[in-house]
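Below: one structure, written as structure tokens.
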Amino acid sequence: KIIAMQTAQTAILTLPRALGRSVIGALAHIGRFSLMVAELFRALGEWRIWLPRTMDEARNIGAGSLFIVLLVSSFAGAVTALQTGYQFQGNLPYYVVGTLVVESIVLELGPVLTALVLAGRIGARYAAELGTMRVTQQIDALESLGRSPMSHLIIPRVLAGLVMIPVLTIFANAIGVLAGWWSAKQVLPIGNADFTYGAQYYWRPFDAYYSIIKAFFFAGAITLIPCYMGFNAQQGAEGVGKATTTAEDTLKTTSGGESNRQSQETDGFQLVIDALKLNGVDTIFGLPGIPVTDLTRRLQANGVTLLVD
């Protein structure tokens, strides 16, 4: 009976203990991360140390990542244009393709895909580099010499990312829109004037600023989180691998969450409805690939009737 009672008590306490360890671990990470950020701001005064290293890191991020970022963004723009033309063919004017390609690339796909690419390329490299320096006691050697690891190792990586990732996002947006433009012209009867008209009709100047602001926050996550994980790595080679994996998983989760939130803010239905009303359309037949119930409700609220076979 005593053994059974002890087993039951252990089973009952397992969940609260696991939950408590998780909460304590999360709070410890928050505290260490906050202290690291505070140390970063304190080390900014040592600009003679971190400025040359920042230039080298910026060159590595920009030149090393430009090709893969442009390749991914061009594919995204082309696929967006082709799918938009396929879904709306025969139901909407073709200039809507220009609207959806530009808005999707600038607001969503450009910054998000750039962040995902650089999370794997830059984030994993930073976590592995700093983790190796920690387990081989190179960071301890810097501290024993009275040098700040922040100004030598962390600040150059963070500042280089904050500068270059928004720049790469601008290139990704431009190439994505151009690729969508070219792809739409190959498979749809759309001219340059139609695509340009659609791109300009719903364009707001703040869209460009929003894309850069979004990329800036992604850059902060891509640089700070891997640097924190690598800087606090433990347990030798296993600790370096764990820090690298944890950093990359955290970055992808962060990018995916922001992407989902922005997808909810970017209302594609409203763009379609505005295009219909602009052309005086009051009745249309079913649009393939769009949920009929939600679209019917939205169209009826705007005075447009949807007929489905």
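Positions are given from 1, in the same order as the sequence printed here. Here the structure is a predicted model, which means the values were calculated and not measured.
For the ring pair (Phe, Tyr, Trp, His ring centres under 6.0 Å) condition, no pair includes a residue of residues 125-177, sequence neighbours left out. Annotation: salt bridge (charged side-chain N to carboxylate O under 4.0 Å, His left out) contacts involving residues 176-186, sequence neighbours excluded, are absent.
Side-chain contact between Tyr228 and His29: present, with at least one pair of heavy atoms (C-beta onward) separated by less than 4.5 Å. Side-chain contact between Pro149 and Ile154 is absent, with no heavy-atom pair separated by less than 4.5 Å. Pro111 has its side chain within reach of Asn173: a pair of non-hydrogen atoms, C-beta onward, lies under 4.5 Å apart. Using a 4.5 Å cut-off on side-chain heavy atoms (C-beta onward), Leu44 and Phe41 make contact. Within the 4.5 Å cutoff, no side-chain heavy atoms of Glu103 are placed close to those of Glu108. The side-chain heavy atoms of Arg59 and Met164, taken from C-beta on, include no pair separated by under 4.5 Å. The closest side-chain heavy-atom distance from Leu224 to Met36 is below 4.5 Å.
Side-chain N or O atoms of Asp194 include none that pairs as donor or acceptor with a backbone N or O of Ile190 at under 3.5 Å. In this structure a side-chain-to-backbone donor-acceptor pair under 3.5 Å is missing from Thr169 to Ala215.
Residues Val106 and Val117 are members of one and the same hydrophobic cluster, defined by side-chain heavy-atom contacts under 4.5 angstrom among Ile, Leu, Val, Met, Phe, Trp and Tyr. Residues Leu82 and Leu113 fall within the same hydrophobic cluster, defined by Ile, Leu, Val, Met, Phe, Trp and Tyr side chains chained together at heavy-atom separations under 4.5 Å. Ile165 and Phe217 fall into different hydrophobic clusters, where Ile, Leu, Val, Met, Phe, Trp and Tyr are joined by side-chain heavy atoms under 4.5 Å apart, directly or via other members. Residues Met150 and Trp47 are members of one and the same hydrophobic cluster, defined by side-chain heavy-atom contacts under 4.5 angstrom among Ile, Leu, Val, Met, Phe, Trp and Tyr. The hydrophobic cluster containing Phe33 also contains Ile139, counting ILVMFWY residues as joined when their side-chain heavy atoms lie under 4.5 angstrom apart, directly or transitively.
Residue Leu116 holds its CG atom at 8.0 Å from CD1 of Ile222, rounded to the nearest 0.5 Å. In this structure, CD1 on Ile105 lies 10.5 Å from CG on Leu178, to the nearest 0.5 angstrom. Here the CD1 atom belonging to Ile24 is positioned 10.0 Å from the CG atom belonging to Leu19, to the nearest 0.5 angstrom. For the atom pair CZ of Arg147 and CG of Leu153, the computed distance is 12.0 Å after rounding to the nearest 0.5 Å. Gln138 contributes atom CD, which lies 10.0 Å from atom CG of Leu130 (distance to the nearest 0.5 angstrom). Distance CD1/Ile175 to CD1/Ile170: 12.5 Å, rounded to 0.5 Å.
Considering only residues two or more places apart in sequence or on other chains, Ser151 meets the side-chain hydrogen bond (donor to acceptor under 3.5 Å, both in side chains) condition with Glu46. Contacts of Ser148 classified as side-chain hydrogen bond (donor to acceptor under 3.5 Å, both in side chains), with partners at least two apart in sequence or in another chain: none. Listed by chain and number, the residues in a salt bridge (charged side-chain N to carboxylate O under 4.0 Å, His left out) with Arg42 are Glu39 (sequence neighbours excluded).
Minimum interatomic distance between Ala221 and Pro226 (heavy atoms only, all atoms of both residues): O-CD, 3.5 Å. Closest approach of Val102 to Val177, counting heavy atoms only: CG2-CG1, 4.0 Å. Taking each heavy atom of Asn232 and Arg32 in turn, the nearest pair found is OD1-CD, 3.8 Å. Annotation for Ile212 and Pro166: closest pair CG2-CB, 4.2 Å, computed over non-hydrogen atoms. Closest of all the heavy-atom pairs between Thr80 and Ser104 is CG2-CB, 4.2 Å. Nearest heavy-atom pair across Val101 and Gly180 is CG1-CA, 4.2 Å.
The aromatic rings of Phe195 and Trp181 lie parallel to each other, their planes meeting at an angle below 30°, with 60° marking the opposite boundary.
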Yes or no on side chain to side chain contact (heavy atoms under 4.5 Å, CB included) for Leu188 and Val97, after CA distance, side-chain angles and deciding distance?
CA-CA 10 Å; Leu188 297 173; Val97 175; 3.9 Å; yes
With side chain to side chain contact (heavy atoms under 4.5 Å, CB included) as the test, would you mind laying out the steps for Arg157 and Ile61 before giving the verdict?
CA-CA 9 Å; Arg157 289 171 167 81; Ile61 294 175; over 6 Å; no
Quick one: do Ser211 and Leu107 satisfy side chain to side chain contact (heavy atoms under 4.5 Å, CB included)? Show the steps, please.
CA-CA 6 Å; Ser211 181; Leu107 291 178; 5.8 Å; no
Could you go step by step and tell me if Ser65 and Ile122 meet the side chain to side chain contact (heavy atoms under 4.5 Å, CB included) rule?
CA-CA 9 Å; Ser65 306; Ile122 303 301; 3.9 Å; yes
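With respect to the salt-bridge test (charged N to carboxylate O, under 4.0 angstrom), the residues Glu129 and Arg125 qualify. Under 4.0 Å is where a charged nitrogen must lie from a carboxylate oxygen, and between Arg53 and Asp56 no such pair does.
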Could you tabulate the donor-acceptor pairs under 3.5 Å formed by side-chain atoms of residues 66-74, not counting sequence neighbours?
residue	atom	partner	partner atom	Å
Ser73	OG	Val69	O	3.1
Ser73	OG	Leu70	O	3.0
Ser74	OG	Leu70	O	3.2
Ser74	OG	Leu71	O	2.7

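Cation-pi geometry between Arg134 and Phe231 is satisfied (NZ or CZ under 6.0 Å from the ring centre, within 45° of the ring normal).
In Phe216, the CZ atom is not crowded: 12 or fewer heavy atoms of neighbouring residues, nucleotides or ligands sit closer than 6.0 Å.
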